[in-house]
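Reviewing the structure listed below.
Small disclaimer: the values here were computed from a predicted structure and weren't measured. Below, read A as the first sequence line, B as the second, and so on, with proteins coming before strands; counting in each chain starts at 1.
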Amino acid sequence: MSKQPRVRFAPSPTGKLHIGGARTALFNWAYARRHGGQFLLRIEDTDPERSTKEFERAILEGLHWLGIQWDEGPDLGGPCGPYRQSEKYPQYREVAKRLLASGHAYHCFCTTERLDKLRAEQEARKERQVYDRLCAKLDPTESARRVAAGEKAVIRFHVPPGETVCIDHIRGDVRFSHEEVDDWVMVRSDGSPTYNFCVVCDDVDMGITHVFRGEEHLVNTPKQVLLYQALGQPMPEFGHLPLMLGTDGKKLSKRTGDTALQDYRDKGFPREAVVNFLCLQGWALDGTSVLFSVDQLVQHFEIKDVQKAGAIFDPEKFRWMAGEYLRKEPLATLVAHCTPFVVEAGLATAEQLSARAKWFEEVVKTEQPRINIYSELPARIAYLFQPDDAVATNDAALAAVRKHANTAQTLRDYREWLAPKIATGVDAAALRDTSKAWAAEKGLKLPAFFQPVRFALSGEVHGADLFDVMVLLGSESVLRRLEAAASRLAAT
RNA sequence: GGUCCCAUCGUCUAGCCCGGCCUAGGACACCAGGUUUUCAUCCUGGCGACAGGGGUUCAAAUCCCCUUGGGAUCACCA
């Protein structure tokens, strides 16, 4: 690398940040950091119909959340601005004028109707559907006159004969014949520039040295490369990242699951897990490490190590990884991450939780091995917030408890035995042994003892350690719930 | 259909560029055990792939060709 690389991520604000885009951003950013270069953010909002400020903000937010910082961008500014394409129309017009003058581009007056008809005919003859260059044959001064007269026209790029090879660090060199490239539209009849045109202008303006983007752009590359040549600008090196695929093997879309980064954030996937997992779609730290940090990514990321084949996005593995990170979180951090979800679920207010901070911390600690994402917590701990005489239950749990005989009696007996022991507080460790001894003495099999008690306390037959649950509930609640369940089981 | 890209366990991948260390490694999932009052966590083991066919070579997952399969893209969208 002769000089510092400059790379960019250039989303168009026509939707929330796609996880594929997030990965593209991540790889670009990692590359810049790895090689001591700059990472820029550019907003490609040349489609006024679909672009919104709202989406732009959401995208920046998503990027921030991932922990990606850019060196130049629409919010930060920089020496190569503006970083929003909608603010650069005068510049594009200038370039188009130059290209027109140098004969690399021409005005095309063909109507949409003629173009449609042309395509239909080519289709019928099973030919390639390309523009027939009718207007390329027009005399430039004649064209200029018609344009001056107010006639609607687009500006097309005049593709010269020949062939070109472009450097792709992932795929190797990609060779293409100019024959295959259409005389594409650079400027629409309303004067607005098109994507392929803006991209090149901007990448030139911003001194971009490496273009890493999704594979769907591979077919655009020839058009863009030709433009670099026409402009007399050095070509950047490319890297077309493998597509992220849905379980159907096709490009990931809303059909096959959540595609927006925000969806995963909203569901409570730990940030580090998202970053880690996204990186694993097409890249690996080494053969064996699955879990790695952003620092490790930056330390080892090489674009040539990126996989060529598309990667099917596996939500299952993603959830597993989320759990791995969640389990490693320091308790205070996990509490902070979970709190909004508990509040959102209506279990308690943030104030109520902070008033019982120590207690809530224990609650979270108890569930930490049992949840994979933050949003799973509320449902699991809801029982702690319910009235002692109205603990929610489900049929399956009830049915399981009913399999045991004399459960009401068991609960009452246990309650009676337990009451004096927890009068001054619950000691989980002590109770664990003595309770089992008590059950044994009563001639109860362990499940016949534990299941009804658990059911009484939480309405479930599965869950955290029973005596930890008692600690969380407190003596009074425990005794009340034991009684309430006994009554209920006796009644039916 | 044209053009382009791709091809290792069901999935993510290591190995491929610079052939031998590959009787192909790791992870998810799955299955079977162990731990636990249950669930989860955790631990152990198992299952399971070089798409097919030709070359080249003493030797090919690795290089070449063909076939097959999959994908992307064919706009005055990005």
Side-chain angles (χ1 to χ4, degrees), chain A residues 10-15 44-47 49-51 85 108 110-112 115-116 119 122-123 126-130 152-156 168 170-172 174-177 179-182 184-196 198-199 214-222 240 242-243 245 247 249-251 277 280-291 304-305 307-321 323-324 327 366-372 380 400 432 435-436 439 445-451 453-454 460-467:
Chain A
S12 77
T14 54
E44 309 215 322
D45 53 353
T46 53
D47 182 352
E49 297 285 303
R50 300 193 298 147
S51 300
Q85 290 183 332
C108 171
C110 293
T111 59
T112 314
L115 261 19
D116 287 346
R119 278 192 206 103
Q122 289 169 333
E123 163 90 82
K126 290 192 192 293
E127 287 175 4
R128 258 183 318 128
Q129 296 179 33
V130 292
K152 284 273 182 207
V154 301
I155 299 175
R156 286 185 184 272
D168 189 303
I170 297 172
R171 271 144 232 288
V174 181
R175 172 185 300 268
F176 60 91
S177 160
E179 298 288 317
E180 300 301 331
V181 187
D182 199 2
W184 52 283
V185 174
M186 294 179 356
V187 180
R188 301 187 189 98
S189 56
D190 67 358
S192 64
T194 63
Y195 165 76
N196 284 115
C198 296
V199 169
E215 198 198 324
E216 71 266 29
H217 289 291
L218 191 55
V219 281
N220 285 322
T221 310
H240 286 93
L243 257 17
L245 277 20
T247 35
K250 304 232 163 79
K251 199 160 80 161
F277 188 74
L280 239 26
Q281 300 288 292
W283 186 78
L285 181 64
D286 54 53
T288 50
S289 317
V290 177
L291 269 16
K304 68 171 177 54
D305 294 333
Q307 182 97 4
K308 288 198 264 276
I312 293 174
F313 182 85
D314 181 3
E316 197 111 38
K317 189 165 184 175
F318 197 8
R319 279 180 50 78
W320 164 80
M321 186 168 284
E324 288 295 303
R327 242 153 266 132
T366 305
E367 292 298 332
Q368 190 167 19
R370 266 165 273 265
I371 58 175
N372 286 321
R380 298 196 57 89
R432 244 188 294 273
S435 293
K436 273 188 238 180
K445 296 251 190 232
L446 255 21
F449 165 65
F450 278 102
Q451 283 192 358
V453 176
R454 180 182 295 287
E460 281 288 347
V461 287
H462 300 305
D465 178 276
L466 194 53
F467 303 98

Between atom CG in A:Asp168 and atom C1' in B:C6, what is the gap in whole Å? 13 Å

Given that both distances must come in under 3.5 Å, which nucleotide forms a Watson-Crick or G-U wobble pair with B:A7? B:U68

Could you tell me how far B:G20 sits from B:G15 if I compare only their C1' atoms? Round to whole Å. 13 Å

Under the rule for side chain to side chain contact (heavy atoms under 4.5 Å, CB included), what residues qualify as partners of A:Arg128, not counting sequence neighbours? A:Val130, A:Glu180

ring-ring contact (aromatic ring centres under 6.0 Å, His included) with A:Phe277: of A:Trp320, A:Trp283, A:Phe313, only one passes, and it is A:Phe313

Using the P atom as the point on both nucleotides, what is the distance between B:U3 and B:C63, in whole Å? 25 Å

Heavy atoms of other groups near A:Gln129 CD, more than 12 under 6.0 Å: yes

Whole-Å distance, A:Lys308 NZ to B:U13 C1', equals 15 Å

Applying the 3.5 Å cut-off to both distances, the Watson-Crick or G-U partner of B:C17 turns out to be none

Rounded to the Å, how far apart are A:Gln122 CD and B:U3 P? 15 Å

Salt bridge (Lys or Arg N to Asp or Glu O under 4.0 Å) partners of A:Glu216, counting only residues at least two apart: none

Distance between C1' atoms of B:U8 and B:A27 (Å, rounded): 15 Å

For A:Lys308, all residues meeting side chain to side chain contact (heavy atoms under 4.5 Å, CB included), sequence neighbours excluded: A:Ile170, A:Arg171

Quick tally for nucleotides 30-50 of chain B: nucleotides whose base has a protein heavy atom under 4.0 Å get B, sugar-phosphate-only ones S, the rest -, giving -------BBBBSS--------

A:His240 atom NE2 is separated from B:C5 atom P, nearest whole Å, by 12 Å

Do any N or O atoms from the side chain of A:Thr194 and from the backbone of A:Met186 form a donor-acceptor pair under 3.5 angstrom? yes

For A:Asp286, which residues count as a side-chain hydrogen bond (donor to acceptor under 3.5 Å, both in side chains) partner, sequence neighbours excluded? A:Thr288, A:Ser289

Does the pair A:Asp190 and A:Lys152 meet the rule for a salt bridge (charged side-chain N to carboxylate O under 4.0 Å, His left out), with working shown? CA-CA 8 Å; A:Asp190 67 358; A:Lys152 284 273 182 207; over 6 Å; no

Closest to the A:Ala311 side chain, choosing from B:C28, B:G2, B:U13: B:U13

Does A:Arg156 have any salt bridge (Lys or Arg N to Asp or Glu O under 4.0 Å) partners at least two apart in sequence or in another chain, and if so, which? none

Considering residues at least two apart in sequence or located in another chain, which fulfil the side-chain hydrogen bond (donor to acceptor under 3.5 Å, both in side chains) criterion with A:Gln368? none

How long is the line joining CZ of A:Phe318 and P of B:C28, in whole Å? 16 Å

At under 4.0 Å between heavy atoms, what does A:Thr46 touch on the DNA or RNA strands: base, sugar-phosphate, or nothing? sugar-phosphate

List the residues meeting side-chain hydrogen bond (donor to acceptor under 3.5 Å, both in side chains) with A:Gln85, not counting sequence neighbours, and say none if there are none. A:Glu44, A:Asp202

With rounding to whole Å, what would you report as the distance between B:C9 and B:G53 at their P atoms? 16 Å

Min side-chain heavy-atom separation A:Val174-A:Thr221 under 4.5 Å: no

Can you measure A:Phe313 atom CZ to B:U13 atom P for me and round it to whole angstrom units? 12 Å

Identify each atom pair where a protein N or O and an N or O of nucleotides 69-76 of chain B are less than 3.5 Å apart, giving names and distance.
residue	atom	partner	partner atom	Å
B:G71	OP1	A:Lys250	NZ	3.4
B:A72	OP1	A:Lys251	N	3.3
B:U73	OP1	A:Lys251	NZ	2.7
B:C76	OP1	A:Arg119	NH2	3.2
B:C76	O3'	A:Arg188	NE	3.4
B:C76	O2	A:Ser189	N	3.0
B:C76	O2	A:Ser189	OG	3.1
B:C76	N3	A:Ser189	OG	3.0

Looking across every strand, which nucleic acid part, if any, lies under 4.0 Å from A:Gln281 by heavy atom: base, sugar-phosphate, or nothing? sugar-phosphate

Determine the contact category for A:Lys126: base if any of its heavy atoms lies under 4.0 Å from a base atom, sugar-phosphate if only primed atoms, P, OP1 or OP2 are that close, otherwise nothing. nothing

A:Trp184: partners by ring pair (Phe, Tyr, Trp, His ring centres under 6.0 Å), with sequence neighbours left out: A:Phe157

Report the residues that fulfil side-chain hydrogen bond (donor to acceptor under 3.5 Å, both in side chains) with A:Glu460, sequence neighbours left out, ordered by chain and then residue number. A:Asn394

May I have the distance from A:Asp314 (atom CG) to B:C9 (atom C1'), rounded to whole angstrom? 14 Å

Rounding to the closest angstrom, what is the interatomic distance between B:C47 and B:U11 at atom C1'? 15 Å

Please give the nucleotide sitting opposite B:G1 as a Watson-Crick or G-U wobble pair, both distances under 3.5 Å, or none. B:C74

With rounding to whole Å, what would you report as the distance between B:C22 and B:A29 at their P atoms? 28 Å

So, under a plain 3.5 Å distance rule, would you say the side chain of A:Lys317 forms a donor-acceptor pair with the base of B:C12? yes

Watson-Crick or G-U wobble mate for B:G45, both contacts under 3.5 Å: B:C31

C1' atoms of B:U62 and B:A49, separation to the nearest Å: 15 Å

P atom, B:A40 versus B:G46: distance in rounded Å? 23 Å

Round to a whole Å and report the spacing from CD of A:Glu49 to P of B:A78. 11 Å

Could you go over nucleotides 14-18 of chain B and give all protein N or O partners under 3.5 Å, atom names and distances?
residue	atom	partner	partner atom	Å
B:A14	OP2	A:Gln307	OE1	2.5

